[in-house]
Undergrad: 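Can you read through this structure? Questions will come right after.
Chain letters run A, B, ... following the sequence lines, proteins first, then strands; residues in each count from 1.
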Amino acid sequence: MELIVTEKDNAARRIAEILSDGSASTERRNGVNVYRWGDKRCVGLSGHVVGVDFPPEYEDWRDVQPVELVEADVVKKPTQENIVRTLKQLAGEADRATIATDYDREGELIGKEAYELIREEADIPIQRVRFSSITENEVKEAFATPDDLDFDLAAAGEARQIVDLLWGAALTRFLSLSANQLGDDFISVGRVQSPTLKLIVDREREIEAFDPDDYWELFADLAREGTTFEAQYFYREDGTEQERVWDESGAETAFETLRNAGTAVVESVRRRRRTDEPPEPFNTTQYISAANGIGLSAQRAMSVAEELYTAGYITYPRTDNTVYPDDLDPEALLSAFTDHYLFADDAEMLRSADDIEPTAGDEETTDHPPIHPTGEIPNKDDLSDDEWEVYELVVRHFFATVADAAEWEHLKVVADADGCSLKANGKRLVEPGYHEVYPYRSTSENHVPAVEEGEQLAIEDARIEEKQTQPPRRRGQSRLIEELESRGLGTKSTRHNTLQKLYDRGYIESDPPRPTKLAMAVVEAAEQFADRIVDEEMTAQLESDMQAIVDGEKDLEAVTEESRALLGRIFDELHDSREEIGEHLQESMKADRMLGPCPECGEDLLIRRSRKGSYFVGCDGFPDCRYTLPLPSQGEPTVIDEACTEHDLNHVKMLAGRSTFVHGCPQCKADEADETDDRIIGDCPDCGDNADGELAIKQLRSGSRLVGCTRYPECEYSLPLPRRGDIEVLDERCADHDLPHLRVVDNGDDPWELGCPICNYTEYREQQAASAIEDLDGVGQKTAEKLADAGIESLSDLRGADAEAVANEVQGVSEDRLREWQAEANVSASAD
DNA sequence: GCAAGGTC
């Protein structure tokens, strides 16, 4: 039997399909798909199925000095037990094996991991095949000409793993211990995340240090035969045109001249044509940027693309490549769309061109083809809105890469008004080219009439505007990802996760991301004592060491030993500064949680966390001062810039994904609740009969509102109410529950007829249950449907499910994944 | 429980 191993299940399935000419069947082993035909078995891994770690005696952070990690052993442990077991079983039955993991460095390492697992079971010949896209030609060609694993290339990857673990773990533990942060809120640093954070922090420093300058700009409306157009004042300095006037009196003088001139004489008219080239094929970074342009975060863009890929509609979304492979026949792919109700016209138009020549980028890699549609077209109704919009983006981007360039005509008019120069720049799209099929880029025109030299134009209006130079702008998520790519930080598969990690660690907030005080302190501490970990140069050096390993000039041992020695020297320096660093980090963390003065003792009010895990506002003077204010129970509180003038407290925002909201000043919220009387609306359904409990609309000090029993806390019956808007109690009553209907009036919007609060809550719970599965991390509509077919339609169904049985039934969902979801379902059960 | 890199 021949065993074929791929990097992921999807690739295994498609390769089996190609090599078996469609005859392969699927069996499940330990919840893992195995494809079989003839004497072949093909199994997909899930990326790395083993990972590096320290031996167990290094596990406890308190028992081990971080410096001890510098010389610690690094061992490999299985991380995907089921897959490792299946692979070994298959290896035991095989008489030869073929490694068909991805054609890049990490793929070579994953292949070597599989090689070693197979070797533990059987001494059989193991060969390696390489292909860049899973097409019939490439796959068959690769299997006809097998090669050997490149152990040097894999060793380069292993060196990276070891160096990253040593530096990351040792320094993360050092900082966390120094600041006494050992729980969930440890303080992490790493070769990629820390230079990324420094990039954000450095920009923030520039913004903070920025000193604005005043300047003035002048404009005039020029008229010609009833049409007017705007022109801007400029002057020449060192041979270049300057629009900004830096002294006020100079600006005023020019303004007076313009205002009194009456007419301007056209000095020159210049026409220029500019070619606007169509975009290059999508790599991951450019795709994320474009998806950002239609409103998706980097994370969301990748998870939607992942869904579309798994469903077979687009090619693999993690790629560095910007050159379509020879195997891609653009005309054939266009033909797949010529019957589609939405794409037919564009596809037909492009296909009818004499010569279809796609654009190509600078990056030609072996990993995967650029992202493009496969030609299998989804039904719009089967996709979520985001999924469809992304699909259309990918289709149209492919269209654009085979479309013609656009042509713009630029018209520049320069006129003179009593010695003051004015200019107007017009632009007109004369050949729409690719814009016809790709509506994601601006084609706005600026009309300037075709005046002639010497012509006199009336000045209808003159304006002077006082402005200030602006600090550099914070980079948005996609801009940051582009920046990481250009600096060689991270990979196509990790860059978006790196940003997410910085959010999760409390280092950055909002979008565009801005650093917290903690982030500033971590970067400062690193710059002072372990500069290498925040320096992008560490990656550059590692890359060159890895190249040396590939070229056989260095070995893994030499590279990791050198790195350990360097890390050891950093620890020599760190040793004496531990307390100083810890204090600085702690102060900064406190500053991130500080709201303002305590009304009782004047110390600082801080956001704190109770032993049970809920957040509240408490005084830094505790235990001498026991002043507290409650916070909403939903979400993670964060301090925002806005502040309450009455209490001198910063406002609080609650981060809870899509239900994020601004809580405001916690003192105001508490005061409001104290001043609001409960409004009784009927009997409590739980205890109204035997204890005379009544239901009332209550405003809580935490800012939330509910319908609850007047006997609280003896009776805990409650129904949630919206946070915003005035609640009106109507005369109409619910026949089933004998309660009045409610209406929510929020200024401006149409009132919301909430109806009977019990009926409303019941309906809300049903909707929640229906969408709960899709809300799970990484579950798209397709997977949700498959789960529904297996009887899993809501979170609660998942709680009682047999993970192994479900994994065996539902293709593409691993048992591990299901167990993660079950854990999530149990958390939400306890929240209910 | 630490990193970064795969994948889901």
Undergrad: Across the strands shown, which category fits A:W167 at heavy-atom distances under 4.0 angstrom: base, sugar-phosphate, nothing?
TA: nothing

Undergrad: Contact class for A:R173 vs. all strands (heavy atom < 4.0 Å): base, sugar-phosphate, or nothing?
TA: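 The answer is base, as A:R173 lies within the cut-off (heavy atoms under 4.0 Å) of a base atom.
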
Undergrad: Answer with base, sugar-phosphate or nothing: what part of the nucleic acid does A:Y58 contact at a heavy-atom distance below 4.0 Å?
TA: nothing

Undergrad: Assuming nearest nucleotide by heavy-atom distance, tell me which of A:G47 and A:L69 is located more 5' along DNA chain B.
TA: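 First, find each residue's nearest nucleotide; the 5'-ward one identifies A:L69.
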
Undergrad: Has the side chain of A:D53 got a donor or acceptor that lies under 3.5 Å from a partner of the other kind on the base of B:dC2?
TA: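 It does, because a donor-acceptor pair links the side chain of A:D53 to the base of B:dC2 below 3.5 Å.
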
Undergrad: Verify whether one side chain among A:T284 and A:R495 offers a donor that lies under 3.5 Å from an acceptor in the other.
TA: no

Undergrad: So, A:S384 and A:D386: side-chain donor and acceptor under 3.5 Å apart, yes or no?
TA: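 No, no side-chain donor-acceptor pair sits under 3.5 Å.
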
Undergrad: Does B:dA4 have its OP1 or OP2 closer than 4.0 Å to a side-chain nitrogen or oxygen of A:K501?
TA: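 Looking at the OP1 and OP2 atoms of B:dA4, one of them is under 4.0 Å from a side-chain N or O of A:K501.
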
Undergrad: Within the structure shown, what part of the strands sits under 4.0 Å from A:E7 by heavy-atom distance: base, sugar-phosphate, or nothing?
TA: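 Sugar-phosphate contact only.
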
Undergrad: Using a heavy-atom cut-off of 4.0 Å across all strands, would you classify A:R105 as base, sugar-phosphate, or nothing?
TA: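 A:R105: no heavy atom of the nucleic acid under 4.0 Å.
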
Undergrad: Respond yes when some side-chain nitrogen or oxygen of A:Q80 is under 4.0 Å from OP1 or OP2 of B:dT7, and no when none is.
TA: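 No, because none of the side-chain N or O atoms of A:Q80 sits under 4.0 Å from OP1 or OP2 of B:dT7.
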
Undergrad: Would you say the side chains of A:H368 and A:D102 form a donor-acceptor pair under 3.5 Å?
TA: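 A:D102 and A:H368 do have a side-chain donor-acceptor pair below 3.5 Å.
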
Undergrad: For A:R505 and A:Y503, does a side-chain donor sit closer than 3.5 Å to a side-chain acceptor?
TA: no

Undergrad: Between A:F54 and A:N10, which has a closest nucleotide on DNA chain B that is more 5'?
TA: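 First, find each residue's nearest nucleotide; the 5'-ward one identifies A:F54.
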
Undergrad: Would you say A:T494 reaches B:dG5's phosphate, i.e. side-chain N/O to OP1/OP2 under 4.0 Å?
TA: yes

Undergrad: Heavy atoms only, 4.0 Å cut-off, all strands: where does A:G490 land among base, sugar-phosphate and nothing?
TA: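 The answer is sugar-phosphate, as A:G490 gets under 4.0 Å only of primed atoms, P, OP1 or OP2.
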
